[in-house]
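The shown structure was predicted, so the numbers you read here are calculated from the model rather than taken from an experiment.
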There are 2 protein chains.
Amino acid sequence: MDQTVRERINLFLRSKNLRRTSQRDAIVEAAFGTHEHFTAEELLRMARDRDGAVSRATVYRTLPLLVESGLLREVDLGRNETVYDPNFIDHPNHNHLICVDCQKIVEFEDEHINVLEDCISRRLGFSPSSKSIRIEASCDRLHNSGTCVNQPKSTRSTRKTKPTRTK
Amino acid sequence: MDQTVRERINLFLRSKNLRRTSQRDAIVEAAFGTHEHFTAEELLRMARDRDGAVSRATVYRTLPLLVESGLLREVDLGRNETVYDPNFIDHPNHNHLICVDCQKIVEFEDEHINVLEDCISRRLGFSPSSKSIRIEASCDRLHNSGTCVNQPKSTRSTRKTKPTRTK
DNA sequence: GTTTCTGCAAAGGTTTTGCAACAAA
DNA sequence: TTTGTTGCAAAACCTTTGCAGAAAC
């Protein structure tokens, strides 16, 4: 986990008169010690790997703080579960493509999309504060050659690669 | 409600060996008798206005069918509630802008965005099946003149206008 | 010391499900 | 008839919360 993240969290806590506790430390380390998406329950497990004393309630109370700090984002991956994405620190404008064949999540960035979203919002009389795109798609390779490069269907995301940058 | 919608639903039911019942009729009429977004609970209320005998369980069992039929879409409006949008029949490619000031939902369409999403998907080796954009934004008029044209903050969406077409 | 934080367990809200009766085809 | 559907109520889930003790500052 990046040293800067630690500092930004501490600054945030300070500014809101919140306290630094061993539990929050463990939760923060767990959340930003991975590049994979996670649910609240998964974060609890990961945090407990670092500090067995972390409770479910504290995880649920800490998650909204991390989101409010701007370091963590709640994302909609369309599986009716609340999922958090720690990758917005490194890639503040990335979006998600979900493979309907293997469930793989591909993160991508595209500056044209950003510009377009901005134009559309302004034309409608708004200033955009947060934009997100979700694309569900099927894998060409699977349909052409019958094999999918990715893992077979799984319940949870397993992104391990960096976001692809388009243009 | 459009006659075509009724027909498409009936065809769908037929094709899946599902039966047409008075409860399903009431739920379908309720779902597509509005252009507003609704939750499961709201749909229950609306369906009961037409047929008092509709049960909550049947609504919850019917919703996934309507989504599967392609006529209804589950959308993420970012309020941690499951909301359904019946407007994809008339505007299959629309997206949502959510005003962070007054909570108003603005539906919009933009063909450039569609093309871009398509290009990006194909470049990544996928064929897109479903694309959605969510923009959170603040109202310029409110910030410039202190007044918001829309309703004050409310819990639920109240879109009554047609989607704006950009370009 | 004062204020915030924590864990626990209970409560809240939403969605799903087993079952017996019922209705469509 | 046969097969699918319904309502009910219980169960399953996920998230929030009240409270008393513990920890930060």
Side-chain angles (χ1 to χ4, degrees), chain A residues 6 9-31 37-48 50-69 72 74-84 155-156, chain B residues 6 9-31 37-48 50-69 72 74-84 155-156:
Chain A
R6 253 181 284 263
I9 291 282
N10 292 340
L11 274 174
F12 173 79
L13 292 177
R14 200 70 70 74
S15 75
K16 309 266 310 180
N17 268 316
L18 301 172
R19 290 174 182 173
R20 197 174 155 194
T21 66
S22 59
Q23 291 91 334
R24 283 184 180 158
D25 277 354
I27 293 169
V28 168
E29 295 285 333
H37 308 126
F38 51 78
T39 63
E41 208 59 34
E42 288 166 336
L43 180 58
L44 173 63
R45 206 184 314 130
M46 296 190 294
R48 278 184 171 163
R50 294 164 195 261
D51 178 349
V54 174
S55 75
R56 177 169 289 108
T58 299
V59 168
Y60 274 103
R61 283 190 269 237
T62 303
L63 273 169
L65 295 179
L66 298 184
V67 170
E68 193 192 342
S69 79
L72 191 65
E74 209 176 303
V75 295
D76 169 37
L77 298 182
R79 305 196 191 118
N80 287 348
E81 53 179 10
T82 307
V83 174
Y84 298 88
T155 332
R156 294 297 347 291
Chain B
R6 252 180 285 262
I9 292 282
N10 291 340
L11 273 175
F12 174 78
L13 292 177
R14 200 73 68 74
S15 76
K16 308 260 323 174
N17 267 316
L18 301 172
R19 291 176 183 174
R20 199 176 153 195
T21 66
S22 60
Q23 291 92 335
R24 284 184 181 157
D25 277 353
I27 293 169
V28 168
E29 295 286 332
H37 308 125
F38 52 80
T39 63
E41 208 59 32
E42 288 166 336
L43 180 57
L44 173 63
R45 205 183 314 128
M46 297 190 292
R48 278 184 172 162
R50 294 165 194 260
D51 178 351
V54 174
S55 74
R56 176 169 289 107
T58 299
V59 167
Y60 274 103
R61 285 190 269 234
T62 304
L63 273 168
L65 294 180
L66 298 183
V67 170
E68 193 192 343
S69 79
L72 191 66
E74 210 177 302
V75 296
D76 170 36
L77 299 182
R79 305 196 189 115
N80 286 350
E81 55 179 9
T82 308
V83 175
Y84 297 87
T155 333
R156 296 298 345 291

**Request:** Find the distance between CZ (B:Phe12) and CG (B:Leu18) and round it off to the nearest 0.5 Å.
**Result:** 6.5 Å

**Net bend of the helix from C:dG1-D:dC25 to C:dA25-D:dT1, end axes of five pairs each, nearest 10 degrees** = 40°

**Item:** Residues which pass side chain to side chain donor-acceptor pair (under 3.5 Å) with B:Arg61, listed by chain and number, not counting sequence neighbours
**Value:** none

**Request:** Calculate, to the nearest 0.5 Å, the distance between atoms CG and CD belonging to B:Asp76 and B:Glu81 respectively.
**Result:** 10.5 Å

**Message:** It should be established whether B:Arg24 places a side-chain nitrogen or oxygen under 4.0 Å from OP1 or OP2 of nucleotide D:dT6.
**Reply:** yes

**Request:** With sequence neighbours left out, write down each residue that passes salt bridge (Lys or Arg N to Asp or Glu O under 4.0 Å) with B:Glu41, or none if nothing qualifies.
**Result:** B:Arg56

**Prompt:** Rounded to the nearest 0.5 Å, how far does CG of A:Leu66 lie from CG of A:Leu43?
**Reply:** 8.0 Å

For nucleotides 21-24 of chain C, which of its nitrogen or oxygen atoms have a protein nitrogen or oxygen under 3.5 Å away, and what is each distance?
| from | atom 1 | to | atom 2 | distance (Å) |
| --- | --- | --- | --- | --- |
| C:dA24 | N3 | B:Arg19 | NH1 | 2.8 |

**Fill in**
Residues at least two apart in sequence or cross-chain that pass side chain to side chain donor-acceptor pair (under 3.5 Å) with A:Arg19, listed by chain then number, are none

**Request:** Report yes if at least one side-chain N or O of A:Arg61 is closer than 4.0 Å to OP1 or OP2 of C:dC5; otherwise report no.
**Result:** no

**Prompt:** Can you name the residues that form a salt bridge (Lys or Arg N to Asp or Glu O under 4.0 Å) with B:Arg6, not counting sequence neighbours?
**Reply:** B:Glu29

**Positions of residues 10-18 of chain A (non-hydrogen atom under 4.0 Å from DNA chain C), listed by number** = A:Leu18

Short N/O separations, protein against nucleotides 9-15 of chain D, under 3.5 angstrom:
| from | atom 1 | to | atom 2 | distance (Å) |
| --- | --- | --- | --- | --- |
| D:dT15 | OP1 | A:Thr82 | OG1 | 3.3 |
| D:dT15 | OP2 | A:Tyr60 | OH | 2.4 |

**Request:** Find out whether B:Ile9 and B:Arg24 are in side-chain contact, i.e. whether some heavy atom of one side chain is under 4.5 Å from a heavy atom of the other.
**Result:** no

**Message:** Could you tell me how far apart A:Asp51 (CG) and D:dA23 (P) are, to the nearest whole angstrom?
**Reply:** 12 Å

**Message:** Test of understanding: with salt bridge (Lys or Arg N to Asp or Glu O under 4.0 Å), list the residues that count as partners of B:Arg45, not counting sequence neighbours.
**Reply:** none

**Request:** Kindly say if B:Gln23 contacts the phosphate of D:dG7, meaning a side-chain N or O under 4.0 Å from OP1 or OP2.
**Result:** yes

**Message:** If the condition is side chain to side chain donor-acceptor pair (under 3.5 Å), which residues does B:Ser55 pass it with, not counting sequence neighbours?
**Reply:** B:Thr58

**Message:** Can you see if the side chain of A:Ser55 gets near the phosphate of C:dC8 - specifically, an N or O under 4.0 Å from OP1 or OP2?
**Reply:** no

**Request:** Measure the CG-CG distance between A:Leu13 and A:Leu65 for me, rounded to the nearest 0.5 Å.
**Result:** 7.0 Å

**Prompt:** With sequence neighbours excluded, what pairs up with A:Arg14 under the salt bridge (Lys or Arg N to Asp or Glu O under 4.0 Å) test?
**Reply:** none

**Complete:** note: A:Asp25, atom CG; C:dC5, atom P; distance rounded to Å ~ 13 Å

**Prompt:** Which residues satisfy the side chain to side chain contact (heavy atoms under 4.5 Å, CB included) test with B:Thr82, sequence neighbours excluded?
**Reply:** B:Glu74, B:Tyr84

